[in-house]
Amino acid sequence: MAILPIIETPDPLLRRKSSSVEEITPELRTLIDDMFETMYAAPGIGLAAIQVGVPKRILVIDLQEPEEEGGEPVRRPMVFVNPEIVTASDTVQPYTEGCLSVPEQYAEVERPDRVRARWLDRDGKPHDEELEGLLGICLQHEMDHLEGILFIDHLSRLKRDMILRKLAKARREKLAA
Ligand code: GNR
Ligand code: NI
């Protein structure tokens with residue numbers, strides 16, 4: 001297992017469209033394991049393969065939510081290979097999103113609050129499920145990565161430019177430190 005470097009904007013790789021997985025090989029299972037290790041270490045609740053430089057339609061998600069209020073986070077790793085959204089609700093819900101490829105910047109994004117999705121898991125087994133809440137939001141955020149879309153693309157140009165300026169400033173200060 002390995003923690004992989006996470007690519008950050010404005011790296012043009014993040015704008016690439018990822019290709020479908022033809023077959024889940026042992027190499028891809030190793031990549032999936034490394035993606036989980038990278039996501040947990042970050043820490044984050046989701047990761048798309050392109051964020052570690054691999055343009056394939058593979059996502060990992062683990063919300064790591066406590067079983068009960070104030071309890072210990074529980075790990076529920078989910079793998080999505082070749083995910084597709086079949087239907088999305090007409091109603092949207094705002095949520096303050098962040099992205100490991102846009103480090104430490106947060107903004108409210110509106111997305112459909114329920115989606116029906118199809119995907120394959122790490123054993124190639126098909127799933128067809130309705131997802132809502134943070135899981136639905138996170139799946140939509142990760143699926144955007146497969147098309148080269150970042151959460152900041154859903155903002156007004158003003159808000160997006162503000163975030164990109166703050167990111168550039170944070171990087172300059174980090175270099176100077
Ligand atoms: O860790 C993450 N948190 C998050 C919060 C709100 C909406 C989406 C996310 S996904 C993000 C990790 C990431 O960048 N995945 O691509
Ligand atoms: Ni992201």
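The model shown is predicted, which means the values in this text are computed figures rather than measured ones. Counting starts at 1 for both ligands and their atoms, following the listed order.
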By the rule that ILVMFWY residues connect when side-chain heavy atoms come within less than 4.5 angstrom, directly or transitively, which residues belong alongside Leu139?
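Leu139 clusters with Ile45, Leu59, Ile61, Leu63, Met78, Phe80, Ile85, Tyr95, Val115, Trp119, Leu131, Leu134, Leu135, Ile137, Met143, Leu146.
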Presence of salt bridge, [Y] and [X], under 4.0 angstrom:
| X | Y | answer |
| --- | --- | --- |
| Lys166 | Asp161 | no |
| Arg116 | Glu130 | no |
| Glu129 | Arg118 | no |
| Arg16 | Glu147 | no |
| Glu65 | Arg76 | no |

Are Leu4 and Leu31 close enough that some pair of their side-chain heavy atoms sits under 4.5 Å apart?
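Yes, close enough: below the 4.5 Å cut-off.
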On a heavy-atom basis, I'd like to know which of [options] is closest to [atom].
| atom | options | answer |
| --- | --- | --- |
| atom 11 (C) of ligand 1 | Gly98, Gly44, Ala42, Ala48 | Gly98 |
| atom 14 (O) of ligand 1 | Asp62, Ile61, Leu100 | Leu100 |
| atom 10 (S) of ligand 1 | Glu142, Gln51, Glu97, Met143 | Glu142 |
| atom 2 (C) of ligand 1 | Asp144, Val60, Ile45 | Ile45 |

Among all protein heavy atoms, pick the one closest to atom 8 (C) of ligand 1 and tell me residue, atom and distance.
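Result for atom 8 (C) of ligand 1: His141 ND1, 3.5 Å.
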Quick one: side-chain contact (heavy atoms from CB on, under 4.5 Å) partners of Val21, sequence neighbours excluded?
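With sequence neighbours excluded, Val21 shows a side-chain contact (heavy atoms from CB on, under 4.5 Å) to Ile24, Leu28, Lys56, Ile58, Val81, Asn82, given in chain and number order.
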Under 3.5 Å, N or O to N or O, is Gly46 touching ligand 1 that way?
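Yes, there is a polar N/O contact under 3.5 Å.
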May I ask you to check whether Thr96 has an N/O atom sitting below 3.5 Å from an N/O atom of ligand 1?
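In this structure, Thr96 places no N or O atom under 3.5 Å from an N or O of ligand 1.
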Which ligand 1 atoms, with their elements, are less than 4.0 angstrom from a heavy-atom of His145?
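Near His145, the atoms of ligand 1 are 16 (O).
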Within a distance under 4.0 Å of any heavy atom of Cys99, pick out the atoms of ligand 1 and give their elements.
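So the atoms of ligand 1 that pass are 14 (O).
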Verdict with supporting geometry, Arg29 and Asp34, salt bridge (Lys or Arg N to Asp or Glu O under 4.0 Å)
CA-CA 9 Å; Arg29 288 209 179 85; Asp34 290 346; over 6 Å; no
Tell me, which protein N/O/S atoms are under 2.8 Å away from the Ni ion (ligand 2)?
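Metal shell, protein only: Cys99 SG, His141 NE2, His145 NE2.
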Non-hydrogen atom of Phe151 closer than 4.0 Å to ligand 1
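In this structure, Phe151 fails to qualify as a contact of ligand 1 - no heavy atom is under 4.0 Å.
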Would you find more than 12 non-hydrogen atoms of other residues, nucleotides or ligands less than 6.0 Å from Asp90 atom CG?
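No, not enclosed.
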Asp11: side chain to side chain donor-acceptor pair (under 3.5 Å) partners, not counting sequence neighbours
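Not a single residue meets the side chain to side chain donor-acceptor pair (under 3.5 Å) criterion with Asp11.
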